[in-house]
Amino acid sequence: MVKWVYGFGDGRAEGSRAMGDLLGGKGSNLAEMASLGLPVPPGFTITTEVCAYYYAHEGAFPEGLKEAVGEALGHVGALTGRGFGDEERPLLVSVRSGAPASMPGMMDTVLNLGLNDVSVDALARRAGDARFAYDSYRRFIQMYSNVALGVGHYDFEDALESYKETKGLSLDTELDEADWRKIVAIFKEKVEACAGAPFPQDPREQLWGAIGAVFGSWNNPRAIAYRRIHQIPESWGTAVNVQAMVFGNMGTTSATGVAFTRNPSTGEKALFGEFLVNAQGEDVVAGLRTPQSVTEAERLASGSDRPSMETAMPEVFKTFVGVADMLERHYRDMQDVEFTVENGKLWMLQTRSGKRTTAAALRIAVELTQEGVIGREEAVLRIDPASLDQLLHPAINPNAPRPVVAIGLPASPGAATGEVVFTAEAAEQLRSIGRKSILVRVETSPDDIHGMHAAEGILTARGGMTSHAAVVARGMGKPCVCGAAALRIDYAEGLFSVGDETFRKGDVITIDGGAGQVIKGEVRMSRPELTGEFAILMKWADESRRMEVRANAETPQDARVARKFGAEGVGLCRTEHMFYDLQRINAMREMILAENVKGRRAALGKLLPMQREDFIELFGIMAGLPVTIRLLDPPLHEFLPQTTQEVAEVAKALGVPSEKIARRVAELREVNPMLGFRGVRLAVAYPEIARMQARAVFEAAVEVKNRAGMLVQPEIMIPLVIARPEFDAVRRLIDEAAAAVAAETGQSVPYTVGAMVETPRAALRAGEIAQSAEFLSFGTNDLTQTCLALSRDDAGSFLGRYVTAGLLPGDPFVTIDVEGVGELVALAAERGRAARADVKLGMCGEHGGDPQSIAFCETLKLDYVSCSPFRVPIARLAAAQAAIRAKARELNPVSTPVDR
Ligand code: ADP
Ligand code: MG
Ligand code: MG
């Protein structure tokens with residue numbers, strides 16, 4: 001029989017941390033903590049397999065589940081000395097969601113379940129506190145009705161507010177037992193009115209209602225949105241955890257809190273947390289009351305005058321520090337924990353690896369290695385390559401003036417500028433028209449998730465470092481300032497004010513999430529220096545990396561950035577980009593529009609010195625590293641004069657009438673230019689272009705050698721090849737140019753000539769092509785277009801549907817289509833190597849900077865990947881991880897887990 005339910009508690013557990021897929025992150029870690037002997041309220045986990053069953057059977061539960069849950073409840077009752085449904089000693093439970101991947105706050109949780117009109121009084125007697133019991137009961141009614149019966153939160157909030165108003169009260173803490181009793185009655189009426197039935201009194205009905213609702217919450221809109229953003233498969237499902245309640249709202253010796261074992265913003269090794277006395281569950285993260293610091297050091301740093309847990313509850317604090325240390329050592333990573341103190345006793349309710357900024361991730365990985373907790377390779381594997389993007393993004397230039405208008409908490413670092421918006425929808429709308437926004441909210445809720453994703457940065461007036469806004473922003477790598485209490489936000493008017501400044505929707509502000517600053521207008525940004533832990537970790541990555549990482553660069557600026565980021569050469573220099581320059585484009589146009597060889601030669605004569613200078617500069621910057629230069633590639637129409645004025649200018653330069661130029665432009669027009677007169681075909685039809693470019697390369701190489709004594713080894717690449725004879729014809733032009741330059745200068749330059757493989761035919765014929773080509777470089781942008789017959793520029797209108805409907809695993813222009821394009825690459829690599837054992841194989845194009853595609857290149861043992869300069873660090877790290885994993889697979893082919 002299938003086991004649907006796994007129990008935990010009292011120093012034992014049926015599950016463990018290794019069972020995250022089945023028990024969810026929360027459930028498997030509760031089991032692990034229980035096994036470690038930590039104080040965890042007993043409970044049990046209903047598996048994700050039940051969730052799958054539930055969705056496959058229209059909300060029905062599998063056979064045997066009821067019995068298993070009943071038995072597990074009995075066990076929890078025995079451990080706690082209570083009974084579920086017992087009127088004297090009622091067992092109260094929480095019903096908690098928990099998926100294999102962490103989705104903080106996206107799904108539902110119900111607390112205090114099991115309370116009803118009878119057991120509430122039993123709870124009051126046990127606690128000696130009826131106010132507490134009725135407060136718990138109204139929380140339960142509110143949460144359960146919202147989650148299981150679909151009654152809106154605001155219905156209850158409204159009722160509570162108007163009750164307080166009539167009584168002239170403003171804070172919840174001012175309400176006494178009698179007030180909460182009345183509110184419970186009001187809430188129950190509300191439920192009956194909205195749901196059409198009285199609030200369920202039978203604990204078993206409550207329990208199954210809550211379990212169904214938690215499974216149902218896997219498919220609520222915010223969970224779906226979160227999964228989409230974080231690429232969590234729908235098929236995983238959630239587990240449900242049923243756990244005995246402990247109460248943080250039993251008075252001043254009780255509390256609830258959350259903490260990180262290290263600082264999640266900076267990575268500093270210091271306990272970092274917040275708690276609230278006499279509170280329950282979500283009170284800390286909801287941002288309704290401002291929480292207190294856990295440690296005294298944090299309290300001092302924040303300037304708060306409310307006591308820290310360290311001074312308010314010294315004994316509990318000491319125990320807690322011990323538990324936090326133990327968890328970090330056991331999990332070998334920074335942990336994010338949730339805890340509750342009931343009458344001076346600490347209870348652990350959750351632990352997981354904490355979300356952190358990239359800067360913190362680097363520091364933690366490096367320091368854990370230095371502490372001897374993990375090894376270098378593991379440190380390298382701990383960093384998500386894509387997240388490095390966060391560090392490569394701009395920060396406010398330290399010398400720029402910053403008119404700071406408000407200060408909040410530095411919740412997620414990085415700087416962002418954008419137009420003020422107050423709703424998630426407005427942020428999305430602006431992004432859809434290519435404009436940047438800063439989402440400004442009193443506080444954020446999971447319903448804002450899509451807007452946070454669309455905005456450049458997030459600013460809130462309320463909430464601490466662990467508020468929803470802060471946690472989600474850090475996870476997304478978005479700059480965030482939260483708890484900027486001076487902000488007066490008026491949603492209705494669409495404005496916020498601070499002091500005597502007012503900002504309306506559409507006004508531009510900048511936030512600095514590292515400094516917690518809100519700044520008026522736009523501020524000058526600069527790129528940060530990549531030193532410290534970043535440099536250390538990249539060095540470790542390079543120790544493990546097998547593939548070379550090059551950059552796609554043609555301008556001196558790009559080449560410098562590429563070197564700064566550690567590129568080991570240029571994998572793709574697109575020479576046409578050197579001609580788009582205003583001064584050059586007319587010479588280029590003369591060349592294209594010339595009607596004969598003579599005219600073309602004259603124009604090329606003007607281009608040669610310019611092109612030579614470009615290469616001299618590029619070779620100089622790359623200082624002897626390999627540089628792959630691609631011959632002219634784009635359809636010529638991209639250079640043609642468009643407007644009548646441009647036509648007139650070219651006509652004048654060429655000394656021919658405008659009409660003649662216009663006619664030539666019309667002649668060159670193509671129906672399908674991407675499959676037209678471009679790539680190697682240009683060199684076949686106009687050999688003088690290839691000759692000029694090759695000559696410029698060799699003359700530049702000689703020049704650099706003479707000037708700086710630097711040995712350059714140019715690699716000349718022929719684009720869009722489809723056959724060996726075609727490749728040979730153009731190669732001959734290059735070889736002739738090399739020989740001519742050698743004869744003229746008396747210096748020969750070592751060079752190679754290779755083919756860019758970007759048509760299926762070139763991949764299929766790679767064996768022959770490699771007989772004359774010293775290298776093959778996979779141009780996977782075009783190879784994807786030609787393999788899938790899919791134009792990247794036109795795919796926007798339908799490709800999204802393919803991806804959401806699961807017809808394609810993802811956007812093939814972002815991550816290589818392994819099954820199709822990948823197969824061509826594999827085949828070409830194999831055939832190329834069979835023809836020439838040392839043929840050099842690389843991948844250029846967008847995929848060369850995509851971690852998953854890079855991992856694929858490692859499986860084929862390619863020699864290098866090449867990507868845009870800003871992605872070079874990402875590629876270095878991804879290539880290192882791929883090499884480490886490949887090595888692990890070789891050593892242990894069976895048990896290497898699939899990455900998640
Ligand atoms: P989320 O996944 O949104 O964090 P949780 O299931 O962790 O939801 O529940 C949120 C909070 O509810 C917890 O952090 C804890 O404070 C409180 N809580 C959950 N279960 C219990 C329990 N058995 N006793 C006391 N508090 C609980
Ligand atoms: Mg939680
Ligand atoms: Mg191409």
Side-chain angles (χ1 to χ4, degrees), residues 8-9 23-30 33-34 39-46 73 76 79-80 82 84 90-115 123 127 132 135-136 139-140 142-144 146-147 207 210-211 213-214 217-218 220 222-223 226 238-250 254-260 273-286 289 291 335-343 345-355 445-446 449 466-468 471-472 475:
F8 59 82
L23 304 182
K26 202 179 287 169
S28 61
N29 289 329
L30 282 169
M33 285 199 291
V40 176
F44 55 89
T45 303
I46 304 173
L73 268 177
V76 174
L79 288 176
T80 54
R82 304 180 200 289
F84 191 67
L91 168 65
L92 304 181
V93 296
S94 61
V95 177
R96 318 171 63 187
S97 56
S102 156
M103 298 170 61
M106 295 300 127
M107 287 179 297
D108 293 327
T109 283
V110 178
L111 305 181
N112 310 327
L113 188 139
L115 280 177
L123 181 66
F132 148 75
D135 175 34
S136 301
R139 286 172 187 263
F140 171 51
Q142 191 168 348
M143 253 191 266
Y144 182 87
N146 178 248
V147 166
L207 179 66
I211 291 171
V214 169
S217 71
W218 176 250
N220 72 31
R222 56 184 205 240
Y226 189 90
T238 182
V240 175
N241 303 287
V242 178
Q243 188 176 26
M245 280 302 297
V246 289
F247 295 95
N249 53 339
M250 261 196 195
S254 299
T256 181
V258 299
F260 293 86
E274 296 175 331
F275 81 116
L276 275 175
V277 175
N278 195 10
Q280 188 174 65
E282 305 287 62
D283 292 1
V284 178
V285 285
R289 275 163 69 188
Q335 295 295 295
D336 167 0
V337 300
E338 299 177 4
F339 62 93
T340 283
V341 180
E342 181 186 280
N343 282 332
K345 171 156 174 53
L346 174 72
W347 292 98
M348 297 305 296
L349 291 170
Q350 191 169 342
T351 190
R352 61 182 164 213
S353 280
K355 291 204 188 302
S445 80
I449 197 98
T466 52
S467 66
H468 178 267
V471 171
V472 174

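Index from 1, following the sequence. The figures that follow rest on heavy atoms only: side chains count, while hydrogens, waters and symmetry mates do not. Indexing begins at 1, ligand by ligand and atom by atom, following the structure's order. Values in this document were obtained by computation on a predicted structure and should not be read as measured data.
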Name the closest protein heavy atom to atom 18 (N) of ligand 1, giving the residue it belongs to and the distance to 0.1 Å.
L111 CD2, 3.4 Å
Regarding N112 and Q280, is there a side-chain donor-to-acceptor distance under 3.5 Å anywhere?
yes
Between ligand 1 and R96, is the shortest N or O to N or O distance under 3.5 Å?
yes
Protein contact to atom 13 (C) of ligand 1 [nearest heavy atom, distance to 0.1 Å]
E338 OE1, 3.3 Å
Out of curiosity, is P41 lining ligand 1, as in a heavy atom under 4.0 Å away?
no
Examine the proximity of ligand 1 to V246 and report which part, side chain or backbone, both or neither, has a heavy atom under 4.0 Å away.
both
What protein heavy atom lies closest to atom 9 (O) of ligand 1? Include the residue and the distance to one decimal.
T109 CG2, 3.5 Å
Considering only non-hydrogen protein atoms, determine which one is nearest to atom 20 (N) of ligand 1 and report residue, atom name and distance to 0.1 Å.
S94 OG, 2.9 Å
Top protein contact for atom 1 (P) of ligand 1, by heavy-atom distance
K26 NZ, 3.7 Å
Protein contact to atom 10 (C) of ligand 1 [nearest heavy atom, distance to 0.1 Å]
E282 OE1, 3.4 Å
Ligand 1 versus Q350: contacting region, heavy-atom distance under 4.0 Å
side chain
Atom 27 (C) of ligand 1: which protein heavy atom is closest, and how many Å away?
L349 CD1, 3.6 Å
Would you sort out whether F247 and T340 count as a side-chain contact (heavy atoms from CB on, under 4.5 Å), showing the intermediate values?
CA-CA 7 Å; F247 295 95; T340 283; over 6 Å; no
The protein heavy atom nearest to atom 17 (C) of ligand 1 is G281 CA, 3.6 Å
